[in-house]
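The structure appears right after this line, and notes come after that.
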Amino acid sequence: MTRVLAFSDVHLARTRIAQIVDAAEDADIVIGAGDFCNMRRGLDEAMDLLRQIEAKAIYVPGNAESADELRAETTAPVLHGDAIEIDGVRIFGIGYAIPETPFGGWSCDLSEDRAAEMLAACTAPTDILISHSPPKGVVDRNSGGLSLGSTSVRAAIERVQPKLCFCGHIHDCWGQVGTIGSTQVHNLGPTANWFDL
């Protein structure tokens with residue numbers, strides 16, 4: 001059995017990062033689903049705080065940092081349109097906000113069309129799909145009730161049916177769980193979420 005710790009959206013919150021680092025001692029794999037810093041600032045500091053779990057970590061970029069920026073600050077695998085297998089667990093990752101946000105030039109966003117092209121590389125069998133953005137219609141509503149998730153992420157889940165989908169991005173849904181077919185979808189948030197595979 002593989003013990004997985006997963007989190008998202010720490011946004012350079014030092015206390016939350018310290019709690020995740022402490023919890024990671026008991027994990028075989030640690031998954032960070034994006035937004036380690038704020039508006040492209042402080043990524044070096046956030047990744048320094050996470051440095052001691054690098055050896056067992058896998059990251060996807062959020063919309064607060066680019067894939068290249070994240071790769072420059074960690075030796076851990078950074079997935080953005082690709083897959084990795086660790087201890088027999090196959091993991092595919094895609095980062096950024098999908099669809100585009102209204103946040104302006106600092107936000108790392110993907111169109112649904114571009115995300116669908118990248119998600120075409122996600123094939124069965126995949127155990128975990130990590131997407132910074134949630135799928136459309138599941139754990140994706142903001143405080144005003146708007147569904148802000150991605151149609152391309154949802155289509156990939158429907159096609160591949162991974163065991164788990166980890167996401168974040170929509171802070172109002174942190175800690176919520178939903179399903180698409182046989183896939184459990186978890187909007188993680190900045191806490192230690194545990195899974196056994």
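- Contact between Pro135 and Cys167 at its shortest, heavy atoms only, is CD-SG, 4.4 Å.
- Glu112 approaches Ser152 most closely through the heavy-atom pair OE1-OG, 2.6 Å.
- Counting side-chain heavy-atom gaps under 4.5 Å among Ile, Leu, Val, Met, Phe, Trp and Tyr, the cluster of Leu110 also holds Phe92, Ile94, Tyr96, Ile98, Met118, Leu119, Leu129, Val138, Val139, Val153, Ile157, Ile180, Val185.
- Cluster membership check: Phe7 shares its hydrophobic cluster with Trp194, using side-chain heavy-atom separations under 4.5 Å among Ile, Leu, Val, Met, Phe, Trp and Tyr.
- Of all heavy-atom pairs spanning Pro77 and Ile84, the tightest one is CG-CD1, 3.6 Å.
- For the 3.5 Å distance criterion, the side chains of Ser107 and Asp109 qualify, holding a donor opposite an acceptor.
- For the residue pair Ser133 and Ser150, no side-chain donor N or O sits within less than 3.5 Å of a side-chain acceptor on the partner.
- Side-chain contact between Thr123 and Arg90: present, with at least one pair of heavy atoms (C-beta onward) separated by less than 4.5 Å.
- Transitive grouping of hydrophobic side chains (ILVMFWY, heavy atoms separated by less than 4.5 Å) brings Val10 and Leu70 into a common cluster.
- Taking all atoms of both residues into account, the shortest heavy-atom contact from Asp28 to Lys56 is O-CB, 3.5 Å.
- By the criterion of side-chain heavy atoms lying less than 4.5 angstrom apart, applied directly or through intervening Ile, Leu, Val, Met, Phe, Trp or Tyr residues, Met47 is not grouped with Ile58; the two fall into different hydrophobic clusters.
- Between Phe195 and Lys163, every side-chain heavy-atom pair lies at or beyond the 4.5 Å cut-off.
- Each of Val78 and Ile29 belongs to its own hydrophobic cluster when Ile, Leu, Val, Met, Phe, Trp and Tyr are linked at side-chain heavy-atom distances under 4.5 angstrom.
- In the displayed structure, Glu25 atom CD is contacted under 6.0 Å by at most 12 heavy atoms of other residues, nucleotides or ligands.
- Note: His11 and His171 have tilted aromatic rings, judged against thresholds of 30 and 60 degrees for the angle between ring planes.
- Counting only heavy atoms from C-beta outward, the side chains of Val30 and Glu54 never approach each other to under 4.5 Å.
- Nearest heavy-atom pair across Glu85 and Gly88 is OE2-CA, 3.7 Å.
- Nearest heavy atoms, Pro134 versus His169: CD-CB, 4.1 Å.
- Atom CZ of Arg159 has more than 12 neighbouring heavy atoms from other residues, nucleotides or ligands inside a 6.0 Å radius.
- Both Leu49 and Tyr59 belong to a common hydrophobic cluster when Ile, Leu, Val, Met, Phe, Trp and Tyr are linked at side-chain heavy-atom distances under 4.5 angstrom.
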